[in-house]
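Notes for the one structure printed next.
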Amino acid sequence: MPHVLEILNERFTEAISRAAGAAHAGADPLLRPSAQAKFGDYQANAAMSLGKQIGRPPRELAEAIVQSGRWEDICQKVEVAGPGFINLTLRDSFINAQLAQMAADDGIGLPRAKRPWTVVVDYSSPNVAKQMHIGHLRSTIIGDAIARVLERLGHRVIRQNHVGDWGTQFGMLIEYLIETGAAAEDELKVADLEALYRAAQQRYEADEAFAAHARQRVVDLQAGDITAVTLWRALVDESKRHFEAVYRRLGVKLTDADIRGESFYNDQLPGIVNALEKRGLLHDSEGAKVLYPEGFKNTEGEPLGMIVRKRDGGYLYATTDLAAAKYRIEQLGADRLIYVTDSRQNQHFAMLFQALREAGWAPEHVRLEHVPFGMVLGKDRRPLKTRSGRNVRLDEVLDEAVERAGQIIAEKNPEMAGDWWRDAAEAIGTGALKYADLSGQRIKDYIFDWDQMLAFDGNTAPYLQNAYVRIRSIFRKGEIDPALVDPGAIAAEEPAERDLALKLLQFPEVVGGVAETLEPHRLCSFLYEVATGYHRFYENCPVLTAGDESRRQSRLALCDLAARILAAGLDLLGIRTIEQM
RNA sequence: GCGCCCGUAGCUCAGGGGAUAGAGCACCGGUUUCCUAAACCGGGUGUCGGAGGUUCGAAUCCUCCCGGGCGCGCCA
């Protein structure tokens, strides 16, 4: 089912090629929702630039486009205004028909990709033997939303959680576990991974003999020594349980099956270096093997390189990233690679992508995309830390979010109690936390502010959840089963109804935009507009007491469609809706 | 030094070639015999960091500058 914008686009493309010549059949009509109500519902801005291009007065060209087009069935008014704007007012019957189609569709008008991509989304990527902290929040939340959106549009999404499960730090951890006797227990239980890490690190720094043993453990581990490997695996498993618990609470779709850590690529690394060497891409620099992707310069204006093998023969993250990308393209069949990491890694990914092209591992048709995001800052505009200067743990953040949400709803709706209250607190608390992260342009740093994210006014999750709750409340009160509402009954009459209807019809194009730009905040802005539109409708248009029955049915159907879009949109963001709050 | 990113209302943020730059918060004032007032309505905010340039048209694109953040070979 083509959505409104697609239909308009098609009509305009036709009209333009008729009015301006077939040579301009490909010209973008530049359709936008109108800036102001008096300019209609949509406006097409192509005549101005196109007129200039082909040497015709823009207004005249606009008139010609209007004359050449077919509008009667979809527009009640098409007029040229100002220097050459074409303002469209959609026909109510067209709006209603589109709404009916959308409402009758289980997918609420979201198209399924005709040629699905295989997309690998790399996100979250916490470190084994460390607690997940605030630094993992954005990648986890943004990555999950992106994966959900692509999945919903019918693409084959492969989540990859590239956990840090390898490296020299495991030597000290293993040595510490042995030294303290924890290793001797039947089942390794690490109450606090962070504490373990710190304790081991302290020993490492304070005791030279311990450090020497730890370094030996690294060698043992790499050599496959049974004791070292067993303890390493225990640490990994323990960490996975911790990750899993956080993901479940956060409502993030990552599971154990999505974890493919750095260690997975270990035995591929020598092959990677060999292959690069064979292609003549590597240079020797003080004993290290270095690849110089074209177009990168260092301080002195000399080529900037990526070290793929250290002087001592060890490998680095660049090597692992190359191996992982190659694996994703060749083994997983990916034609779109998405990396959700903080913006500081911009250059690293630019170089990585260039290297992948030069090595021939990423053919031209494979899209390589880094999805960078800014930092989480405190109100003081400094990176968020605890009072003692440590990273804020994610489980602590979640606890606080839920607790604060619980207090707020207890205050606003004292009748809620028990499981209802607890469930609502979870949904609102975690929803607020996630939405705050998703609703701004992801490239910017964002200021972490509990009061703001949990506010019931403004562009927040609770506001959206409340709009949904108010709709559901109507159906409860009227004892009406939404499944029995007739999608064809919608007849938007009042301005508030019409505004809401037009907004709802934009859902498919907005979701499509997110899939293209990988910017979830566009969906947030849209949902916020849906919610404000709904609240306005709610104030102006009684539903249950609408008077005549067909109007009542129409409004019920509009309510249900709005509820479904709010719920579906929030679900794409990984945020739950609830029945009461 | 080189590179990347950011700079929009007092605060938090949308808007990324189109008409008079928008929300929320905060501040003031309204609205409830009526489906959740957890809402809605009204009131006013701006050298869009600055200067040039491109364009019929610039917050948006280009150049330079200022301010802030981050990154620049054996960590990830």
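- The stretch residues 531-545 of chain A touches RNA chain B through H535(A), R536(A), Y538(A), E539(A), C541(A), P542(A), V543(A), L544(A), each having a heavy atom under 4.0 angstrom from the strand.
- Every residue was checked against the ring pair (Phe, Tyr, Trp, His ring centres under 6.0 Å) condition with F243(A), not counting sequence neighbours, and none meets it.
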In a table with atom names and distances, give each donor-acceptor pair under 3.5 Å that connects a side chain of residues 443-450 of chain A to protein atoms at least two apart or in another chain.
| unit_1 | atom_1 | unit_2 | atom_2 | d |
| --- | --- | --- | --- | --- |
| D445(A) | OD1 | M375(A) | N | 2.7 |
| D449(A) | OD1 | D451(A) | N | 3.0 |
| D449(A) | OD1 | Q452(A) | N | 3.4 |
| W450(A) | NE1 | E400(A) | OE2 | 3.3 |

- Message: Quick one, E497(A) with R555(A), criterion salt bridge (charged side-chain N to carboxylate O under 4.0 Å, His left out). Give me CA distance, side-chain angles, the key distance, then yes/no.
- Response: CA-CA 8 Å; E497(A) 284 178 290; R555(A) 288 183 178 168; 3.2 Å; yes

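- At the heavy-atom level, I408(A) lies nowhere under 4.0 Å from the strands shown.
- The pair R498(A)-E493(A) does not count as a salt bridge, with every side-chain nitrogen at least 4.0 angstrom from each carboxylate oxygen.
- Note: CZ (R344(A)) to P (rC72(B)) measures 10 Å, nearest angstrom.
- Remark: H24(A) pairs with no residue by the ring pair (Phe, Tyr, Trp, His ring centres under 6.0 Å) rule, at least two apart or across chains.
- Nucleotides rC70(B) and rC64(B) place their C1' atoms 22 Å apart, quoted to the nearest Å.
- Taking the P atoms as reference points, rG17(B) lies 16 Å from rC5(B), given to the whole Å.
- When each of N127(A) and M375(A) is assigned the nucleotide of RNA chain B bearing its nearest heavy atom, the one mapping closer to the 5' terminus is M375(A).
- Rounding to whole angstrom units, CZ of residue F349(A) and P of rA76(B) are separated by 13 Å.
- When distances run from any side-chain atom of K310(A) to the nucleotides rA39(B), rA76(B), rC74(B), the shortest one goes to rC74(B).
- Helical stems of RNA chain B (runs of at least 3 Watson-Crick or G-U pairs, donor-acceptor distances under 3.5 Å) are listed by first residue: B:1-7 with B:66-72, B:10-13 with B:22-25, B:27-31 with B:39-43, B:49-53 with B:61-65.
- For the pairing with Y317(A), the side chain to side chain contact (heavy atoms under 4.5 Å, CB included) check across Q345(A), M306(A), H348(A) returns one residue only, H348(A).
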**Message:** One pair to check against salt bridge (charged side-chain N to carboxylate O under 4.0 Å, His left out): K289(A) and D284(A). What are the steps and the verdict?
**Reply:** CA-CA 5 Å; K289(A) 297 279 188 195; D284(A) 245 69; 3.3 Å; yes

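- Residue pairs satisfying the salt bridge (charged side-chain N to carboxylate O under 4.0 Å, His left out) criterion with at least one member in residues 532-544 of chain A, sequence neighbours excluded, are listed as follows: R470(A)-E539(A).
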Considering only nitrogen or oxygen atoms on both sides, find all protein atoms under 3.5 Å from nucleotides 20-22 of chain B and state each distance.
| unit_1 | atom_1 | unit_2 | atom_2 | d |
| --- | --- | --- | --- | --- |
| rU20(B) | O4 | K38(A) | NZ | 2.2 |

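- In this structure, R390(A) has no salt bridge (Lys or Arg N to Asp or Glu O under 4.0 Å) partners at least two apart in sequence or on a different chain.
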5' to 3', nucleotides 11-18 of chain B under a 4.0 Å protein heavy-atom cut-off (B base, S sugar-phosphate only, - none) gives -SSSSB-B

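- A467(A) comes within 4.0 angstrom of nothing in the nucleic acid, heavy atoms only.
- Separation of the Y339(A) and F349(A) ring centroids falls under the 6.0 Å cut-off.
- Using a distance-only test at 3.5 Å, with no hydrogens or angles considered, no donor-acceptor pair links the side chain of S239(A) to the main chain of V128(A).
- Partners of F12(A) by ring pair (Phe, Tyr, Trp, His ring centres under 6.0 Å), not counting sequence neighbours, listed by chain and number: W71(A).
- Atoms CG (N413(A)) and P (rA39(B)) sit 13 Å apart, rounded to a whole Å.
- Formation of a donor-acceptor pair under 3.5 Å by the R442(A) side chain with backbone atoms of L518(A) is found in this model.
- Among the heavy atoms of the strands, none lies under 4.0 Å from S125(A).
- Spacing of P atoms, rA26(B) relative to rG18(B), comes out at 32 Å, to the nearest Å.
- When the P atom of rG73(B) is taken as reference, atom CD1 of I307(A) falls 8 Å away, rounded to whole Å.
- Residue contacts shown for F373(A) are absent, as no nucleic acid heavy atom lies under 4.0 Å away.
- Taking syn as a glycosidic angle within 90° of 0, rU12(B) does not qualify and is anti.
- With sequence neighbours excluded, no residue forms a side-chain hydrogen bond (donor to acceptor under 3.5 Å, both in side chains) with Q441(A).
- As a whole-Å value, the separation of L269(A) CG from rC74(B) C1' is 15 Å.
- Between E579(A) atom CD and rC35(B) atom P the separation is 19 Å, expressed in whole Å.
- One can place CZ of F456(A) at 14 Å from P of rC25(B), the figure rounded to the nearest angstrom.
- The ring pair (Phe, Tyr, Trp, His ring centres under 6.0 Å) search around W166(A) returns W232(A), not counting sequence neighbours.
- Taking atom CE of residue M351(A) and atom C1' of nucleotide rC74(B), one finds them 13 Å apart after rounding to whole Å.
- Within the 4.0 angstrom heavy-atom criterion, only backbone atoms of the sugar-phosphate kind lie near E262(A); the bases stay farther away.
- Classified by its glycosidic torsion, rG42(B) falls in the anti category, the angle being over 90° from 0.
- Using a 4.0 Å heavy-atom criterion, one finds that D28(A) contacts no nucleic acid atom at all.
- Both R311(A) and I474(A) lie near RNA chain B, and the one whose nearest nucleotide falls closer to the 5' end is I474(A).
- Taking atom C1' in both rA21(B) and rG16(B), the straight-line distance is 13 Å, to the nearest Å.
- Rounded to a whole angstrom, the distance from the C1' atom of rG29(B) to that of rG44(B) is 14 Å.
- The same atom, C1', is picked in rG53(B) and in rU60(B); the two are 15 Å apart, to the nearest Å.
- Comparing the same atom, C1', in rU31(B) and in rA14(B) gives a spacing of 28 Å after rounding to whole Å.
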Apply ring pair (Phe, Tyr, Trp, His ring centres under 6.0 Å) to F39(A) and F85(A), showing your working.
CA-CA 9 Å; F39(A) 299 140; F85(A) 296 102; 7.1 Å; no

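- Of the C1' atoms belonging to rG49(B) and rA9(B), the separation is 15 Å, rounded to the nearest Å.
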